[in-house]
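Not measured: the values here are computed from a predicted model. Chain A is the first sequence line, chain B the second, and so forth, proteins listed ahead of strands; every chain is numbered from 1. Heavy atoms only: backbone and side chains are in, while hydrogens, waters and symmetry mates are out.
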Amino acid sequence: MRGRIEAIHPETADAATLVIRPGRGWVRHRAGQWVRVGVDIEGVRHWRTFSLSCPPGGPDECITITVKAVPDGLVSHHLVRQAAPGMIVHLAGPDGEFVLPEPPPPRLLFLTAGSGITPVRAMLHGLLYGPATRGAARPGAASPRRDTGCRGLPDVVLLHSAPTPADVIFGAELRALAVRFANLRLYERHTRTGGRLRPSDVPDLCPDWTERTAWVCGPPEMLQEAEDHWAGSADRLHVERFRPATPTAGGEGGRIRFTRSGRQTDADGGTSLLIAGERAGVLMPSGCRMGICHTCVGRLASGQVRDLRTGQIHGEPGDLVQTCVSAAAGPVEIEL
Amino acid sequence: MSTTALASPTDIEDFGRELDELRDEIIGTLGDRDAQYIRGVIATQRKLELAGRALLFASWLPPAWIAGTAALATAKILENMEIGHNVLHGQWDWMRDPKIHSTTWESDLASPSAQWKHSHNVVHHTWTNVLGKDRDIGYTLLRVSPEQPWHRVYLLQPVYNVFLALVFEYGIALYDLEVERIPAGDKSLKETWTQLRAIAGKVRRQIIKDYLAFPMLAGPGFMPVLLGNLTANLTRNVWAHTIIFCGHFPEGAEVFTEDQLEGETRGEWYVRQLLGSCNIDGGRLLHLMSGNLSHQIEHHLFPDMPSNRYAEIAPRVRDLCERFGLPYTSGSLARQTGSVYKRILRLAFPGPRHHRTAPAEPPATDLRALA
Ligand SMILES: Cc1cc2nc3c(=O)[nH]c(=O)nc-3n(C[C@H](O)[C@H](O)[C@H](O)COP(=O)(O)OP(=O)(O)OC[C@H]3O[C@@H](n4cnc5c(N)ncnc54)[C@H](O)[C@@H]3O)c2cc1C
Ligand code: FES
């Protein structure tokens, strides 16, 4: 499916929100889900995953993604710096499990950093303005009076980190929401002056954190810490990864044969089958490119692969392997 | 091989290295411009086809019939040559656009893409002009090289070649079946049957579309539309036949034997591609309409390089050949076509004795006489 970029709003010095009008057939997403975006750069199509930063059912059924340009990032730079209204992108999705249950739990904790705010921003809108049945104010219903919360609205704590106040994506909006809704408590950590938010800081900022259901989205170290220190029940911790944890160093590699496209290529042990295939001109399906969505799977015909996340070597003929996190361990044949 | 008479082994490897560098250079600069080119050609082709079919609905007006048929024939030629042939070569795979990809493209031809890719990309491009290997030498029907043993049936080849030109797309499809491999047991009847059914499916779809559905949609215009479609298909066939025959069969194109291939190096492979191919001189329109097979030499050197770049590298390839004393055969369409027909006529008869061992030093313009 295709989508047209209708507008671009800068958020910070290196992040921007893109308003995209999807083509017909777009299935409404749930707040917190992501979409796969295919962008043609110098003639080559690149697919990346972005969380939808808006709640579903936006004006004109447009959707928004909010992209932060990462250092040397090909697609993020293109979208933040080069994209212009009218540009066409390709879309697939929505998908993802990083969503709120229905009805939402009474007490929630959001722990985010950097661009990790994007899926949470979509959820906040759903929570605060939410469906009319939950008795919340609707966007645009500008009320000068501070909403006193209660009335069944969930109690939300948002702990967000960014280098400086100016780097907080959606900073002004979040602050305004926190002023307006008594049931939203916002804590910003500006890491350049205040240092990184440690797990040990959380109890002070949110004493009842263990009783809350948590959604965590940020850099890999933060997710790791959250998982290590989480004291509540496991099903109340939700994490969303934007980046693979820590890719392990390469093994031996080998020759990869893509049987359906009749291509072959040699790849080292640190290069995923996905990247090797793309370089060889094979039409490789891909989504998150980090082992979560299974868009990229291919059937192994022979050989074994190494899981780039764990270093484990595995695979039997007939296995479906995720090409984005698998590298050749010796010669490999894959039905792609 | 005779190429060794043209250049020393070290020269040949240097030649190969320079071509490798040229290839890397071009592949490294592929970008938006190229993507826009192929998308533009595809868009033009779609518009032409639409315009052609629309005009044919008004074909009780003779000018509309002529314009419609011409537009449709042009669209079909573009689809088969500049788009289909080159997409199926994987020239545009680097864009990772599933709509313009060698694994998804289905050409408006009688050959199913998968079969064509095997016989063309694999057999012909690997074994270019190798007797007994490259089945494109005469498409197994014609005697186009003196090395092919003569047989009585070849006496008729000037006649059946014309017939082949008219039904070229079906000829290619059946040729892809490689039926001659069946008696030797190289190919099972079952596989052949499956392939035949795939061909039949495509042929049926084309016949229904061009000779039934569209004519019927035209109501009283049934016959003119059918004739327009038929003319367009025949034009496409004759044109494709002409271009393809000019690519390998004019005088100057060499053939090789299998023993010459033993231990062939990358450089020698390039030289064989060069010696087995002939270019057609012409303007941009000719290049476009021939699917850039007018740059047959460049295409055979770099089969998966996007076709819009052949014109750009042609002068450099020619210079390179000159520097290494290798022939670079090219001529006008009229001259190359004349040469092909002369050859087909001459080789319908026995002989001539070919002297493979004769020292060969043909510069680009001095083509060896066959007789
Ligand atoms: C489920 C999911 C949701 C996502 N949502 C968002 C979102 O809402 N907003 C957003 O901006 N991005 C989001 N991402 C990340 C996004 O998909 C890209 O990975 C990111 O934009 C970098 O792509 P790139 O082409 O610019 O970088 P690449 O050219 O692919 O990589 C360049 C360099 O950047 C590093 N890198 C890759 N990803 C990141 C990253 N996330 N942060 C820092 N460095 C990185 C690479 O290791 C590499 O060294 C999400 C990813 C996933 C899996
Ligand atoms: S691309 Fe998502 S799992 Fe591989």
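Considering A/R24, A/R21, A/R28 in turn, A/R28 is the only one that fulfils the salt bridge (charged side-chain N to carboxylate O under 4.0 Å, His left out) rule with A/E61.
Residue A/H90 does not touch chain B at all, counting heavy-atom pairs closer than 4.5 Å. Neither the backbone nor the side chain of B/R33 comes within less than 4.5 Å of any heavy atom in chain A. Contact of B/D34 with chain A is not made at all, since no heavy-atom distance falls under 4.5 Å.
Under the 30°/60° scheme for interplanar angles, the aromatic rings of B/W92 and B/W94 are found to be tilted.
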- request: List the steps and the verdict of salt bridge (Lys or Arg N to Asp or Glu O under 4.0 Å) for B/D14 and B/R17.
  value: CA-CA 5 Å; B/D14 286 345; B/R17 235 183 322 276; 2.8 Å; yes

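A search for ring pair (Phe, Tyr, Trp, His ring centres under 6.0 Å) contacts involving B/H295 returns B/H287, not counting sequence neighbours.
Heavy-atom pairs under 4.5 Å with chain A peak, among B/M95, B/Q36, B/H101, at B/H101.
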